[in-house]
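First the structure, in the form of structure tokens, and then the observations on it.
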Number of protein chains: 2
Amino acid sequence: MTLFRGLSAFPLTPLDEAGEVDEAMLGCFLDRIVAAGADSIGLLGSTGGYAYLTREQRQRTLRVAVERVGGRVPIVVGVGALTTAEAVALARDARSAGADGLLLAPMSYLPLTDEEVFRHFVAVTEAGELPLCIYDNPGTTKFAFTVDLVARLAELPNVAAVKLPLPADGDHAGELARLRARTPDSFAVGYSGDWGAADALLAGCDAWYSVVAGLLPATALALTRAAIQDDFAEMRRLDDAFRPLWDLFRTYGSFRVMYAVADVLGFAGIAPPRPVLPLPSAELGRVAAAVRQIDRANAQDEGSTDGDEHPAG
Amino acid sequence: MTLFRGLSAFPLTPLDEAGEVDEAMLGCFLDRIVAAGADSIGLLGSTGGYAYLTREQRQRTLRVAVERVGGRVPIVVGVGALTTAEAVALARDARSAGADGLLLAPMSYLPLTDEEVFRHFVAVTEAGELPLCIYDNPGTTKFAFTVDLVARLAELPNVAAVKLPLPADGDHAGELARLRARTPDSFAVGYSGDWGAADALLAGCDAWYSVVAGLLPATALALTRAAIQDDFAEMRRLDDAFRPLWDLFRTYGSFRVMYAVADVLGFAGIAPPRPVLPLPSAELGRVAAAVRQIDRANAQDEGSTDGDEHPAG
């Protein structure tokens, strides 16, 4: 199962000016990911803005994606919500629409206890009946998973993976060892946080849940493959090429930056859902330069037959 | 204007087993608050679970409240939402339903910048056209206001007050002085965090945004009046009586505890919206004892003609 292994690409969910899902543009984003050969699509993740969308918008996004992708790449879909009732409904929606797996972040308003999160996951996995990835993203959910809780959840039917934030101490290997010791062999451990992906892959994690791969999947895939094949030189070369973009991610948050990347790539007219604001326009040149540098690195990549296409430029 | 001064009582929003607003029980909660003579009602605050309710549930709650209260006590209503579009819609709903003021917490998924929060508030105040209280609640919103941002917001038409969490250093007087120096004389500064209310009132804040007053308004009001009249002995006596409940608030969070208080008072059959779980049933005895102690203290209060009525016990 590649569902929670290798490169998972997280596309934006483009909305038009009326706030409706821009199906044509979403289709383009998905085509790029499928063409590059990513291992899975992380639809309606944090990058897909799931937290800002209605149930109807999320249903529509998934329907469009399932049709467009046509089974060529598995689709994992975010079903997080502030209430268990809503997350359960979204998990049922995902299953009936044909998703391959679920991503569940414990969104919170009131800070949640471990027991509350555990029971929330039980309800959603029972309703979803699909392989599920625990989405540990304390910067947005205010909830941080302990190894104990991940181990307890990993015993549930269908809980197949965890997506972790980069470890604060940078010790991926240590964290992986602690989790591997407490979870079944089939349980997959992956990381988000694009600027730490190379180190995480080198340390032996199973998956890179990648924001940048939502729009620049070919280069992200080249980096993933180089790391998995222990081609250190190539991996470092590609990671270095991404560095100016990683710097922008750290300054502005990857969500805001990816809207600017879309603009640079010619996908015009979309903006983050307010209150989130787009990048200052003065930074667009920096974003464009960062994207050019990534493209150049990818063009030099012998293993790549073609880079990420630019629809307008 | 008493809207953002004195005691503001924050009721729970009771839902029945089908998830519908229990209008009869909500009416009882509001009757208690009106009968006690609270200065305002903080409807659909964090205690009212606004973050877990749909727009329709929030509309219905406000409609019931406006009708039941009939203008006897001003109603301030929470209009926070994860998107600006939703918060703007809720602010318009509030105005057309007859609310007296708005409470706006900058709910977030992606952490927000000061500029994003500022523009969010501009949009909501323009749509709401009602006096608005900035709802600073970083434990739930992940956003902490600076004095600079409060001062900037206080210049907007209709931004009339701020509701602060208890200061980490316990220095209410210092914080009040810093805010008073940067905001208009008419701008009201109040506090949440019931266990620090006595100190906050003594330090000269304008309002206590009170969770406990949602169900035990008479005793909360007695404490407020004692503090405002500098009756230290009476204030300390009442605050001491509340202490076992404050301890429960700090251990379990006031939201969960208030559902148990409702149960103790005979308002049966309601529970926090999941994933939030009710208190362990083993703690109900402790809650009952805490409520009895508060009742006894209130019965001894010479200034009070009657305490908080118990519908069933």
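Chain naming here is simple, since letters A, B, ... match the order of the sequence lines and numbering starts at 1 in each.
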task: Would you sort out whether B:F29 and B:L215 count as a side chain to side chain contact (heavy atoms under 4.5 Å, CB included), showing the intermediate values?
output: CA-CA 7 Å; B:F29 292 172; B:L215 282 171; 3.6 Å; yes
- prompt: Under the side chain to side chain contact (heavy atoms under 4.5 Å, CB included) criterion, do B:L103 and B:V79 qualify, and how do the steps go?
  reply: CA-CA 6 Å; B:L103 279 167; B:V79 294; over 6 Å; no
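Of all the listed residues (A:P273, A:A123, A:P111), the one sharing the greatest number of non-hydrogen pairs under 4.5 Å with chain B is A:P111.
By the ring pair (Phe, Tyr, Trp, His ring centres under 6.0 Å) test, B:F118 pairs with no residue at all, sequence neighbours left out. Shown here are the side chain to side chain contact (heavy atoms under 4.5 Å, CB included) partners of A:A99, two or more places apart in sequence or in another chain: A:L62, A:V77, A:A94, A:L130. A:A154 pairs by the side chain to side chain contact (heavy atoms under 4.5 Å, CB included) definition with A:T183, A:P184, A:F187, not counting sequence neighbours.
Taking 4.5 Å as the limit, some side-chain heavy atom of B:L15 sits within range of a side-chain heavy atom of B:L53.
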Pairs of donor and acceptor atoms, chain A with chain B, under 3.5 Å:
unit_1, atom_1, unit_2, atom_2, d
A:S46, OG, B:Y109, OH, 2.8
A:Y50, OH, B:Y109, OH, 2.7
A:Y52, OH, B:L110, N, 3.0
A:T84, N, B:R274, O, 3.0
A:Y109, OH, B:S46, OG, 2.7
A:Y109, OH, B:Y50, OH, 2.7
A:Y109, OH, B:T140, OG1, 3.2
A:L110, N, B:Y52, OH, 3.0
A:P111, O, B:R256, NH2, 3.0
A:E116, OE1, B:R256, NH2, 2.7
A:E116, OE2, B:R256, NE, 2.7
A:E116, OE2, B:R256, NH2, 3.2
A:E116, OE2, B:L277, N, 2.7
A:R119, O, B:R274, NH2, 3.3
A:T140, O, B:K142, NZ, 2.7
A:T140, OG1, B:Y109, OH, 3.2
A:K142, NZ, B:T140, O, 2.7
A:R256, NE, B:E116, OE2, 2.7
A:R256, NH2, B:P111, O, 3.0
A:R256, NH2, B:E116, OE1, 2.7
A:R256, NH2, B:E116, OE2, 3.2
A:R274, O, B:T84, N, 3.0
A:R274, NH2, B:R119, O, 3.3
A:L277, N, B:E116, OE2, 2.7

